[in-house]
Amino acid sequence: MSTTEPRVAIVTGAGRGIGAAIAQRLASDGLKVAVLDLAEEQSQKTVDAITSAGGQALAVGADVSDEDSVKAAVAKVADELGAPTVLVNNAGIIRDNLLFKMTVDDWDAVMGVHLRGAFLMSRETQKYMTEAGFGRIVNLSSVSALGSRGQANYSAAKAGLQGFTKTLAIELGKFGVTTNAIAPGFIESDMTAATAERIGISFDEFIEKTVAQIPVARSGKPEDVAHLASFLISEGAGYVNGQVIYAGGGPFD
Ligand code: NAP
């Protein structure tokens with residue numbers, strides 16, 4: 001690939017929230033972007049935002065936890081946009097509950113989207129990256145990986161993604177493929193709005209209480225995560241590999 005030809009990125013769960021912001025940012029960085037969400041229609045709003053800003057995007061419907069669906073989606077991207085050498089594993093769900101009330105379905109659903117989804121998408125796209133001698137994989141972890149009440153499933157999945165990230169970094173590095181994780185703190189999105197609803201307070205009140213604990217004294221926005229993703233995916237970031245970068249307005253470890 002010549003350096004003037006745009007790279008092709010797939011962003012999962014990009015119909016809204018953080019994924020939509022990352023897809024739009026990568027498009028404005030000059031990449032062609034496959035906007036993947038559960039149903040193709042859910043991706044259309046993000047695709048329209050990208051194309052109306054002059055970028056190139058393709059709506060793709062797929063369930064990242066389903067092997068056949070992932071294979072079909074990646075093949076479609078390769079056919080219609082070109083070889084995908086950038087992957088952002090962003091699709092996510094929450095099924096919060098305290099351990100004694102957490103069902104097996106709650107556990108399996110969260111593992112399925114976050115861990116199985118990231119595994120299937122990465123396995124399916126790595127061949128394009130290794131062939132190109134260039135690749136960027138960015139996984140969405142979370143500060144919840146460090147422990148989070150009511151989120152045994154989510155916290156385990158987000159911690160699992162950190163191990164997955166470091167392992168891909170070791171396996172794929174020699175092919176010019178880097179793998180890193182972004183672990184956001186509180187970001188305003190439908191997901192955090194759902195958390196406010198679960199604990200029985202308004203989203204505004206939830207934001208206010210959360211911001212009181214954040215050193216930079218503001219909440220995170222999807223664009224904050226998109227900015228970091230843009231850096232990790234950039235051509236110049238090839239020596240940053242296997243890192244988990246916390247983006248939560250303060251220190252985490
Ligand atoms: P969101 O607003 O709930 O968006 C998640 C997106 O993922 C939705 O578009 C959803 O589609 C899609 N999705 C869910 N299951 C899918 C599947 N099986 N296949 C394909 N797409 C699927 O969440 P967000 O806040 O933007 O979060 C994005 C990522 O960042 C997630 O991995 C999340 O865990 C992580 N994160 C978020 C925060 C935060 O504070 N918001 C903090 C740390 C980490 P539907 O519309 O069909 O549901």
Side-chain angles (χ1 to χ4, degrees), residues 10-25 34-47 59-74 77 87-96 108-121 124 138-148 151 153-162 164-165 181-198 203 206-207 210-211 213-214 218-226 228-229 244-250 252:
I10 301 178
V11 184
T12 70
R16 58 184 161 89
I18 294 170
I22 293 174
Q24 289 176 69
R25 174 60 188 260
V35 178
L36 186 152
D37 214 300
L38 267 173
E40 205 172 299
E41 312 84 76
Q42 286 168 262
S43 301
Q44 201 53 51
K45 201 172 144 210
T46 308
V47 168
V60 183
D63 177 352
V64 296
S65 66
D66 181 89
E67 187 175 13
D68 292 341
S69 182
V70 164
K71 285 188 170 165
V74 173
V77 175
L87 170 66
V88 182
N89 285 310
N90 166 84
I93 58 168
I94 46 171
R95 295 285 183 274
D96 295 355
D108 287 346
V110 168
M111 293 301 156
V113 177
H114 295 272
L115 279 180
R116 186 182 162 94
F119 156 65
L120 291 172
M121 288 297 306
E124 202 54 29
V138 174
N139 297 316
L140 267 290
S141 178
S142 168
V143 298
S144 297
L146 302 168
S148 176
Q151 296 195 307
N153 49 2
Y154 184 79
S155 156
K158 291 309 199 187
L161 276 170
Q162 297 191 5
F164 180 68
T165 297
I182 298 175
F186 178 87
I187 306 292
E188 287 185 33
S189 76
D190 290 349
M191 185 176 275
T192 40
T195 303
E197 201 177 329
R198 176 176 66 84
F203 195 32
F206 187 46
I207 292 170
T210 309
V211 167
Q213 312 293 323
I214 300 175
R218 70 167 177 88
S219 61
K221 305 287 186 292
E223 291 71 24
D224 291 310
V225 181
L228 182 49
V244 177
I245 303 177
Y246 286 88
F252 292 91

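Computed from a predicted model, the values in this text were never measured in an experiment. Whatever order the structure lists ligands and atoms in, that order sets their numbers, starting from 1.
Between S142 and ligand 1, no N or O atom pair is found at a separation short of 3.5 Å. At least one N or O atom of S189 sits closer than 3.5 Å to an N or O atom of ligand 1. Remark: ligand 1 and V64 share an N or O pair separated by less than 3.5 Å (distance only, no angle test).
Using a non-hydrogen distance threshold of 4.0 Å, G185 registers as a contact of ligand 1. The closest approach between any non-hydrogen atom of S141 and ligand 1 is below 4.0 Å. Heavy atoms of E188 stay at 4.0 angstrom or farther from ligand 1. Contact analysis leaves A194 out of contact with ligand 1, as no non-hydrogen atom separation drops below 4.0 angstrom.
Checking I94, I18, L38, T12 against atom 37 (C) of ligand 1, the nearest heavy atom belongs to I18. Proximity annotation for atom 5 (C) of ligand 1: of G92, A145, A39, G92 comes nearest, heavy atoms only.
For atom 35 (C) of ligand 1, the closest heavy atom belonging to the protein is Y154 OH, 3.8 Å. Looking from atom 40 (O) of ligand 1 to the surrounding protein, the closest heavy atom is I187 N, 2.9 Å.
Contacts of P184 with ligand 1, taken as heavy-atom pairs under 4.0 Å, involve both backbone and side chain. When non-hydrogen atoms are compared, ligand 1 lies under 4.0 Å from the backbone of D63 as well as from its side chain.
Ionic pairing of R218 and D224 is present here: one or more N-O contacts between side-chain nitrogen and carboxylate oxygen are shorter than 4.0 angstrom.
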